[in-house]
Amino acid sequence: MDYKNCFPVSENRETKTELVGDLSMKGLVLVLILGALLYASVAEALDYKEYKTAKAIDGASWSSVRAFVNAVSEGFNVANRDLAGKSRPLLYCQPFALNVDTLLTILDSEIKTMEEITHKPLPDNMPIGVVLLSGMQDTFPCKS
Amino acid sequence: MKKSTLGFLLSAVFLASSTLASSWMPSNIKEYKQSKKAGGTNWKAAIVYIGGMGHGIEAANAYLASIHQQVTYCPPENLVMRISNYMDAIDLAIKKHEPISQDDFPVDLVLLDGLQELFPCQRK
């Protein structure tokens with residue numbers, strides 16, 4: 001599936017990281033507006049650029065990203081249960097439930113691994129779901 | 001009260017409410033229906049949750065396709081999945097099983113069921 005055009009990124013988000021240190025009234029209002037934009041877009045999808053931006057801003061945007069990442073893993077779990085029900089190979093074999101902090105550790109580790117393997121920064125439009133799935137497969141491979 | 005102080009307080013309230021909303025998720029269809037009807041912060045959180053689950057299922061489906069395995073559901077090739085597609089899928093699955101109540105069913109299973117119903121794979 002081609003995810004390339006699935007996650008349009010607003011031009012406005014370029015400035016979010018620069019605003020973090022500016023706690024003036026104007027800065028706060030801008031952060032709120034940009035945060036709200038990001039909050040809305042997270043519901044549709046999440047790519048690497050949005051992930052990085054939310055992490056830098058922290059606050060509500062990052063909370064949304066954490067909730068989204070947790071839900072992505074729920075999506076993997078239901079897909080895995082469907083595969084198990086049809087006696088088909090699983091996506092990965094996770095032995096126990098994970099909290100969102102562990103999921104984020106796996107995600108960040110996979111981002112690093114992908115960048116080391118390709119010797120390139122992860123593309124901004126890379127869907128976070130794809131990276132997390134790859135990370136879960138590396139972390140919890142199924143014994144054949 | 002100074003404008004800047006008021007602005008800061010309003011910002012803090014907004015951020016706190018958004019953060020609280022983000023951590024909520026509907027555990028079953030009953031909660032899904034309730035939050036949809038009520039709207040507000042819980043519904044916003046439900047949208048993030050359902051969007052995330054949908055993209056998790058979508059990524060899993062794309063992976064299966066990439067290794068030439070049978071996919072879980074078959075959306076049109078050029079369709080960019082949106083929240084509205086996931087909501088349609090859930091609503092379709094709920095409707096499909098009426099009058100049997102699915103209130104206790106987990107949202108993730110109903111979403112997958114709905115996606116399979118909405119985008120069935122043609123048997124060759």
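In what follows, every chain begins at residue 1, and chains take the letters A, B, ... in the order their sequences are listed.
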Checklist outcome for this item: d(Ile57(B) CD1, Asp82(A) CG) to nearest 0.5 Å is 9.0 Å
More than 12 foreign heavy atoms under 6.0 Å from [atom1] of [X]: is that the case here?
X: Lys30(B); atom1: NZ; result: no
X: Lys95(B); atom1: NZ; result: no
X: Lys86(A); atom1: NZ; result: yes

Report yes if the side chains of [X] and [Y] come closer than 4.5 Å at any heavy-atom pair, otherwise no.
X: His55(B); Y: Ile128(A); result: no
X: Val78(A); Y: Leu111(B); result: no
X: Arg88(A); Y: Gln70(B); result: yes

Which heavy-atom pair separates [X] from [Y] by the least distance, and what is that distance?
X: Ala71(A); Y: Tyr49(B); value: CB-O, 3.1 Å
X: Ala59(B); Y: Val130(A); value: CB-N, 4.2 Å
X: Tyr63(B); Y: Leu133(A); value: CB-CD2, 3.6 Å
X: Leu91(A); Y: Ala60(B); value: CD1-CB, 3.6 Å

Checklist entry - Which region of Leu112(B), side chain (C-beta onward) or backbone (N, CA, C, O), has a non-hydrogen atom less than 4.5 Å from a non-hydrogen atom of chain A, or is it both or neither? => result side chain
Item to check | Which portion of Gln116(B) sits near chain A, non-hydrogen atoms under 4.5 angstrom | outcome: side chain
Checklist entry - Between Leu92(B) and Ile100(B), is there a shared hydrophobic cluster once you connect ILVMFWY residues whose side-chain heavy atoms come closer than 4.5 Å? => result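 Result: no, two separate clusters.
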Item to check | Same apolar cluster: Tyr48(A) and Ile117(A), side chain cutoff 4.5 Å | outcome: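 Per the 4.5 Å side-chain linkage, Tyr48(A) and Ile117(A) are not co-clustered.
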Which atoms of [X] come close to chain B, meaning under 4.5 Å heavy atom to heavy atom: side chain ones, backbone ones, both, or neither?
X: Leu132(A); answer: neither
X: Arg81(A); answer: side chain
X: Asn80(A); answer: neither

Checklist entry - When you look at Met25(B) and Asn70(A), which way does the side-chain contact (heavy atoms from CB on, under 4.5 Å) test go after all the steps? => result CA-CA 10 Å; Met25(B) 59 182 75; Asn70(A) 197 38; 3.5 Å; yes
